[in-house]
Amino acid sequence: NYHDGTEGANEFIARGADTPDTGVDTGTLARELRTLRKRNGGRVKKPTRLERSRKLHDAIIGLVQELQSAGFASIASPPGPIATLGPEIEDPKTGGKIGHVQESLASYIQRLSVDDNFFQRPPFDHVTDPIYRRLIRDFIDGAAMPESKIAALSWSGGVRSIEAPDLRFSIIDGLQRLYCFLIAALLVWRRERLVQDGLIPEEAWNFFAPSVNRLGEPQPATENLLQRVIRYEIFYAISLAGLLHYMVTFNSSQRRMSLRVQLEIMKKPLIEHLKSEGIPIWEDLGRMPGEQRPKDKFLASDIVLATQAFITHNAQVTKAFETERFLDESQPYLDNIGDITDIMKTLKRISGEVHAKIAQAYEANPNQCYLMTTGDPFLLGFVAACGYVRNRGSMEILDKALDRLLGEFERAETDPLRFDDYQRALDMIHASRGKEARRLVDDTFRRFFLGVTTDLDWLDTASQITGGVAH
């Protein structure tokens, strides 16, 4: 209703115009309706899918604290130690132990976090996905849910006992179910307000409304839901490789987990270390539906491959090979990384100096501006060349080589890295990605760093790759 007590456009249509009908045409009526809508502030723009997903994700992240603030008794105090049902079994494959647990939803959602969890795929748009929204509705109706699979860890790795202090719990299989449980609690408690606040579409609420309304008033219905029994298996005394083994095994019959995500999981400590050093990294894990990687950030899996390319001075590292290598228990976790400060220092110079100069010099051309952060082939070839110089000489020699490269930006006003020639060289070798493209970048920078060429001679490198005559 408007401030003067009228009922807006709906009231106008119901009673008609105040004056007798004198042949007002539909165009006049449409203009009147537009005027009334403008007076009432116009139509409210619906949130986009990404905006809605972010709002729902934020509500889920803060749900436990919000329920505690609202005074729900079942969630007022933190859960106690985990009590398994019967003796645990031992897994000879991983050396781990597995037990079965039953506890309330209130305890379950306090132990686990969808925000910190990195041992599963990123979430889907559950309230519009036909499979997941049926699961949410069935859970609200009282259906028993399948067991989830939870890993008990410490911040430094595995734990020998589930009674160890400072445990954290991560999901091996069941992140989507956790999302569904939390969405169900939001629906039972906040109901139509989720539509009004832009967290779910109205069509989704209409689907859930009959099941939610049958539960009665929001406060007692939510309290009863929080006391529902949740069943799960608890896995502990396992390494990161063992954890990945379980994760891949239990998710193999579902939507395939990409190698990028697997690499992020395996090298999470390394990625966190690099991020703490100020290297801009974007992870696939936790990505919201519809969210795209910012172009000025490195993809986490690319950075993982780049570290190995630097250490082995080999541009031909692949996600598939690195994943299999990690699962080989005979391989150390960080391989033969040697002096970790070297790779840290190199990546910091690449992101903070080389990439920054490229972004500034080629600002008008997005395809060239973000060549380094795009990853394959440019980043891998460049880092492999850096690793070769460091391995053949020293970090001091590599630093001087990078200084010389940065000097090219001062010496040439336009196209300091000769990217126009780079594109022509890619055309010569008939590759924009893959082995030959990585080799082109690696060989060109190696020759420049070692003083074989006075500038980045992309065309000469391409000619040598194809067996042609050097120009």
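Any value given below was found using the heavy atoms of this structure, including those in side chains, with hydrogens, waters and symmetry copies removed.
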Intermediate values then yes/no, side-chain contact (heavy atoms from CB on, under 4.5 Å), Glu277 and Lys345: CA-CA 9 Å; Glu277 292 292 325; Lys345 181 178 181 181; over 6 Å; no
Rounded distance (nearest 0.5 Å) linking atom [atom1] of [X] with atom [atom2] of [Y]:
X      : Y      : atom1 : atom2 : result
Cys369 : Gln360 : SG    : CD    : 10.0 Å
Ser276 : Leu274 : OG    : CG    : 7.5 Å
Leu67  : Thr222 : CG    : OG1   : 7.5 Å
Ile311 : Asn391 : CD1   : CG    : 11.0 Å
Phe139 : Ile183 : CZ    : CD1   : 12.0 Å
Glu233 : Ile172 : CD    : CD1   : 9.0 Å

Using a strict cut-off of less than 4.0 Å between a Lys/Arg side-chain nitrogen and an Asp/Glu carboxylate oxygen, indicate whether [X] and [Y] qualify as a salt bridge.
X      : Y      : answer
Arg447 : Asp457 : no
Arg349 : Asp403 : yes
Asp443 : Arg439 : yes
Glu147 : Arg177 : no
Glu51  : Arg54  : no

Would you call [X] and [Y] a side-chain contact if the rule is heavy atoms closer than 4.5 Å?
X      : Y      : answer
Phe310 : Asp342 : yes
Leu178 : Tyr232 : no
Asn367 : Gln423 : no
His430 : Thr466 : no
Thr346 : Arg390 : no
Arg418 : Arg424 : no
Ile200 : Arg133 : no
Tyr362 : Pro416 : yes

Answer yes or no: is there a donor N or O on one side and an acceptor on the other, between the side chain of [X] and the main chain of [Y], under 3.5 Å?
X      : Y      : result
Gln110 : Val64  : no
Trp282 : Asp296 : no
Ser463 : Leu459 : no
Arg191 : Val188 : yes
Asp415 : Asp420 : yes

How close do [X] and [Y] get, heavy atom to heavy atom, and via which atoms?
X      : Y      : result
Ala315 : Asp442 : CB-OD2, 4.0 Å
Ser351 : Ile279 : OG-CG1, 4.2 Å
Thr128 : Pro201 : CG2-CG, 4.1 Å
Leu199 : Ala59  : CD2-CB, 3.4 Å
Leu426 : Ala437 : CD2-CB, 4.0 Å
Leu225 : Leu105 : O-CD2, 3.5 Å

Worked check of side-chain contact (heavy atoms from CB on, under 4.5 Å) between Leu347 and Thr307: CA-CA 8 Å; Leu347 289 175; Thr307 61; 4.0 Å; yes
Whether over 12 other heavy atoms sit under 6.0 Å from Lys149 NZ: yes
Arg404 atom CZ, over 12 foreign heavy atoms within 6.0 Å: yes
side-chain contact (heavy atoms from CB on, under 4.5 Å) between Arg392 and Arg446, worked out: CA-CA 11 Å; Arg392 180 173 173 174; Arg446 282 192 191 194; over 6 Å; no
side-chain contact (heavy atoms from CB on, under 4.5 Å) between Val389 and Phe445, intermediate numbers included: CA-CA 10 Å; Val389 174; Phe445 277 108; over 6 Å; no
Residues Tyr422 and Thr444: side-chain donor-acceptor under 3.5 angstrom: no
Glu202 side chain to Asn206 side chain, donor-acceptor N/O pair below 3.5 angstrom: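 Their side chains do not contain a donor-acceptor pair, so the 3.5 Å distance test is not met.
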Ring centres under 6.0 angstrom apart (Tyr132, Tyr179): no
Within the 6.0 Å centroid threshold, strictly below: Phe169 and Tyr236: no
Tyr370/Phe378 under ring pair (Phe, Tyr, Trp, His ring centres under 6.0 Å): CA gap, chis, key distance, verdict: CA-CA 10 Å; Tyr370 299 108; Phe378 201 85; over 10 Å; no
Among Thr312, Asn314, Val383, Leu450, side-chain contact (heavy atoms from CB on, under 4.5 Å) partner for Tyr388: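 Of the listed options, the one satisfying the test is Leu450.
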